[in-house]
Peer 1: 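Structure incoming, see below.
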Number of protein chains: 2
Amino acid sequence: MSWTLGTVNVNGMRAAVRNGFPAWRGRSGCDVLCLQELRMQEDQMTGDHTEPRGWKRVQVDAEKKGYSGASVWSRLPVVDQGTGIGLDWADAEGRVAWMQLDRARVYSVYLPSGSSGEARQAMKERFMAHFFDWSRDLLATGAPIAICGDLNIAHAEADIHNPGANKKNSGFLPHEREWFSELLGLGWTDCFRAANPDAREYSWWSNRGQARALDRGWRIDYILASPALAATLESSSIVGRTPALSDHCPVLATFGA
Amino acid sequence: MSWTLGTVNVNGMRAAVRNGFPAWRGRSGCDVLCLQELRMQEDQMTGDHTEPRGWKRVQVDAEKKGYSGASVWSRLPVVDQGTGIGLDWADAEGRVAWMQLDRARVYSVYLPSGSSGEARQAMKERFMAHFFDWSRDLLATGAPIAICGDLNIAHAEADIHNPGANKKNSGFLPHEREWFSELLGLGWTDCFRAANPDAREYSWWSNRGQARALDRGWRIDYILASPALAATLESSSIVGRTPALSDHCPVLATFGA
DNA sequence: CTTGCAAAG
DNA sequence: CTTTTCAAG
């Protein structure tokens, strides 16, 4: 039996619900869903903001209201679950939640954005350094693992609409792209790219101007699979069709049993 | 030649413009317009937020962005103009602007609301005390004067939809109503009430619930005329028809030459 | 340009 | 319930 894993940065679960998230989720075919940037805390949530009956959820909130937050929803059996990446300030920002399923461990990760200035870019890079070592330790287990989420970096020139104009913008800096290459070098598979070597599809568009209408986007949302999981990859897609749930769109991957 | 004076609390000039303020102004028949709660500063304004060609404007901004502010617009000849009521903290909140026209002096006044708590109610009462003496001095000149604006007090039982339920709410407290009676006792004429002794019309409705649809309003916006001006009062009306420009509606008065 | 928050009404 | 501001993305 194959199963489908999805990830989407909802940029505010309340806004995403207004934009049709519940209906999208129902027809998405996902068995497991990783969400980032919930921008609401668990105690503010009502039915529409949470998992349907029969599903399980693990969620991590930022201490700051209206900011960050991540969760994993699953309709597959859950063996264990938790939150955090072992970096205090990042964990207080609610950036990592995970579930151990019967067939894989699934992480929902929201890597800090550096676009709001030097100070946040420095935090992003501290997170990247920690994440790199942490992900290497995960690979060392040999287990089937997926890291899903908004990594706020477009890896290659094919992952951004205008590589030339963005070489000095956070998210496409040369050293960020090099970090991504080294991450894949550890053994992670970028599922969408592995399944679609020549695709030019994006998962995020700026809200400024007509970026989305003109498809001036970036591919910054990923499903990374460890070797044991990547061996079962069947397909992966980016769901860029309207209606838009947020400034990001969902990324899916289907794995064999 | 008669002339028409209007007053309206716009609760954000930007929102009022979205709600059709420019078109309303054009068909209102006003020669002079007093505005309160502009909630934007002069340097943020573009064409739609300001007077049409051939008009004059005097405006006072709050120091705090997005807060308070008042102005007078006139298409009649302006002899002099100014701002403030001589109360430092209130003047820093941008609550009084005036124009000396050829036929009258016109004040646009935004009296503080006390609805957000005890501290603001105390400020309201300090403003009321100062305003009382200030308005008495104005009357002593014997000149034709109008004080227009949001006084944040409903005077009589006929000026509020539910007198019984509001006796403990700021804006209909017994001592506020008594202050208003004493103000009229100084010699000011409440133009709308003078022209419409039995009317039950309101100039403000809460945004909560269905207050406006159910006409559960308060009459808290006034045109007060000094004896010399009141002697020329021809008519006064409240423009409660949709489309709503804000949570308040305009109040008009027409005077003879 | 958009989300959600906060203060104020 | 609504306006505007603010931080953040």
Side-chain angles (χ1 to χ4, degrees), chain A residues 9-19 21 36-41 44-45 49 61-69 93-95 110-117 119-121 123-124 150 152 169-171 204-213 216 218 220-221 244-248, chain B residues 9-19 21 36-41 44-45 49 61-69 93-95 110-117 119-121 123-124 150 152 169-171 204-213 216 218 220-221 244-248:
Chain A
N9 176 318
V10 294
N11 189 21
M13 181 55 111
R14 283 169 285 212
V17 164
R18 288 196 299 272
N19 294 337
F21 176 83
Q36 302 90 39
E37 238 188 321
L38 303 173
R39 301 185 65 172
M40 70 187 303
Q41 293 164 345
Q44 304 180 89
M45 288 180 159
H49 308 116
D61 294 333
E63 288 173 356
K64 189 197 301 201
K65 288 189 80 175
Y67 184 69
S68 190
E93 290 184 356
R95 297 188 171 276
Y110 177 36
L111 197 140
S113 165
S115 67
S116 62
R120 285 307 293 179
Q121 179 65 23
M123 300 296 261
K124 177 180 185 177
D150 178 358
N152 265 314
N169 290 137
S170 176
W204 172 78
W205 301 263
S206 168
N207 273 322
R208 325 260 180 111
Q210 300 301 118
R212 190 160 194 167
R216 296 184 178 158
W218 302 39
I220 60 178
D221 299 273
L245 303 171
S246 72
D247 51 342
H248 295 247
Chain B
N9 176 319
V10 294
N11 190 21
M13 182 53 111
R14 283 168 285 213
V17 165
R18 288 196 297 272
N19 293 338
F21 176 82
Q36 302 88 39
E37 239 189 324
L38 302 172
R39 301 184 68 172
M40 71 187 304
Q41 294 164 343
Q44 304 180 92
M45 288 182 160
H49 307 117
D61 295 332
E63 288 174 357
K64 189 197 301 201
K65 288 187 82 174
Y67 183 69
S68 190
E93 289 184 356
R95 297 188 171 276
Y110 177 36
L111 197 141
S113 165
S115 68
S116 62
R120 285 307 292 179
Q121 179 64 24
M123 301 294 262
K124 178 180 184 177
D150 177 358
N152 264 316
N169 290 136
S170 176
W204 172 79
W205 301 262
S206 168
N207 273 321
R208 326 258 179 112
Q210 299 303 116
R212 190 162 194 165
R216 295 184 177 157
W218 302 40
I220 59 179
D221 298 274
L245 303 172
S246 72
D247 51 343
H248 294 248

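Throughout, a chain's letter reflects where its sequence line sits, starting with A, and its residues are numbered from 1.
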Peer 1: Rounded to whole angstroms, how far apart are CG on A:Asn19 and C1' on C:dT2?
Peer 2: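 After rounding, the reported distance stands at 11 Å.
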
Peer 1: With a 4.0 Å limit, can you tell me whether A:Arg14 has a side-chain N or O closer than that to the phosphate oxygens OP1/OP2 of C:dT2?
Peer 2: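 Result: no.
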
Peer 1: Please give, in whole Å, the distance from C:dG9 P to B:Asn169 CG?
Peer 2: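 To the nearest whole Å, that distance equals 16 Å.
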
Peer 1: Strictly below 4.0 Å: does B:Ser116 bring a side-chain N or O up to OP1 or OP2 of C:dG9?
Peer 2: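 B:Ser116 to C:dG9 OP1/OP2: side-chain N or O found under 4.0 Å.
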
Peer 1: Send over the distance from A:Tyr67 OH to C:dC5 P, rounded to a whole Å.
Peer 2: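 Roughly 14 Å, once rounded to whole Å.
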
Peer 1: Using side-chain contact (heavy atoms from CB on, under 4.5 Å) as the criterion, point out the one residue from A:Trp204, A:Tyr110, A:Trp218 that pairs with A:Asn152.
Peer 2: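 Going through the options one by one, the only one that passes is A:Tyr110.
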
Peer 1: Which whole-number value in Å describes the distance from A:His49 NE2 to C:dT3 P?
Peer 2: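 A:His49 atom NE2 is separated from C:dT3 atom P by 13 Å.
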
Peer 1: Do B:Ser206 and B:Arg216 pass the side-chain contact (heavy atoms from CB on, under 4.5 Å) test, and can you show the C-alpha distance, the side-chain angles, and the key distance before you say yes or no?
Peer 2: CA-CA 8 Å; B:Ser206 168; B:Arg216 295 184 177 157; over 6 Å; no

Peer 1: May I have the distance from A:Arg18 (atom CZ) to C:dT2 (atom C1'), rounded to whole angstrom?
Peer 2: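 Distance, rounded to whole Å: 10 Å.
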
Peer 1: Would you check if B:His49 and B:Leu38 make a side-chain contact, meaning some heavy-atom pair closer than 4.5 Å?
Peer 2: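 Side-chain contact under 4.5 Å: no.
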
Peer 1: Is B:Arg120 atom CZ crowded by more than 12 heavy atoms from other residues, nucleotides or ligands, each under 6.0 Å away?
Peer 2: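 Count over threshold, so yes.
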
Peer 1: Just wondering, are more than 12 heavy atoms of other shown residues or ligands nearer than 6.0 Å to CD in B:Gln44?
Peer 2: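 Yes, enclosed.
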
Peer 1: Quick one, A:Asn11 and A:Arg39 - any side-chain contact, counting heavy atoms below 4.5 Å?
Peer 2: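 Heavy-atom side-chain distance check passes, below 4.5 Å.
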
Peer 1: If you assign each of A:Gly66 and B:Arg208 to its closest nucleotide in DNA chain C, which residue comes earlier from the 5' end?
Peer 2: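 The residue closer to the strand's 5' end, by nearest nucleotide, is A:Gly66.
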
Peer 1: What is the distance, to the nearest angstrom, from the CD atom on A:Gln41 to the C1' atom on C:dT3?
Peer 2: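 From A:Gln41 CD to C:dT3 C1': 15 Å.
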
Peer 1: Counting side-chain heavy atoms from CB outward, which of C:dG9, C:dC1, C:dG4 is closest to A:Ala15?
Peer 2: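 Given the options C:dG9, C:dC1, C:dG4, the side chain of A:Ala15 is closest to C:dG4.
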
Peer 1: Select from B:Asp247 and A:Asn207 the residue whose nearest nucleotide in DNA chain C is closer to the 5' end of that strand.
Peer 2: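 Its nearest nucleotide being more 5', the pick is A:Asn207.
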
Peer 1: Considering only side-chain heavy atoms of B:Lys64, which listed nucleotide, C:dG4, C:dA8, C:dG9, is closest?
Peer 2: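 That would be C:dA8.
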
Peer 1: If I take atom CE in residue B:Met13 and atom C1' in nucleotide C:dG9, what distance separates them, rounded to the nearest angstrom?
Peer 2: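 Distance check: B:Met13 CE to C:dG9 C1' gives 18 Å.
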
Peer 1: Round to the nearest Å and state the distance from A:His248 atom NE2 to C:dT2 atom P.
Peer 2: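 It works out to 15 Å between those atoms.
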
Peer 1: Look only at the side chain of B:Glu63 and the backbone of B:Gly94, and say whether a donor-acceptor pair between them is shorter than 3.5 Å.
Peer 2: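 It does not hold such a pair.
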
Peer 1: Reading DNA chain D 5' to 3', which nucleotide is the first, and which the last, to come under 4.0 Å of any heavy atom in chain A?
Peer 2: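 Terminal contacting nucleotides, 5' to 3': D:dA8 to D:dG9.
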
Peer 1: Scan B:Gln44 against the nucleic acid and name what it touches under 4.0 Å (heavy atoms): base, sugar-phosphate only, or nothing.
Peer 2: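 Sugar-phosphate: the residue B:Gln44, judged by heavy atoms under 4.0 Å, touches backbone atoms but no base.
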
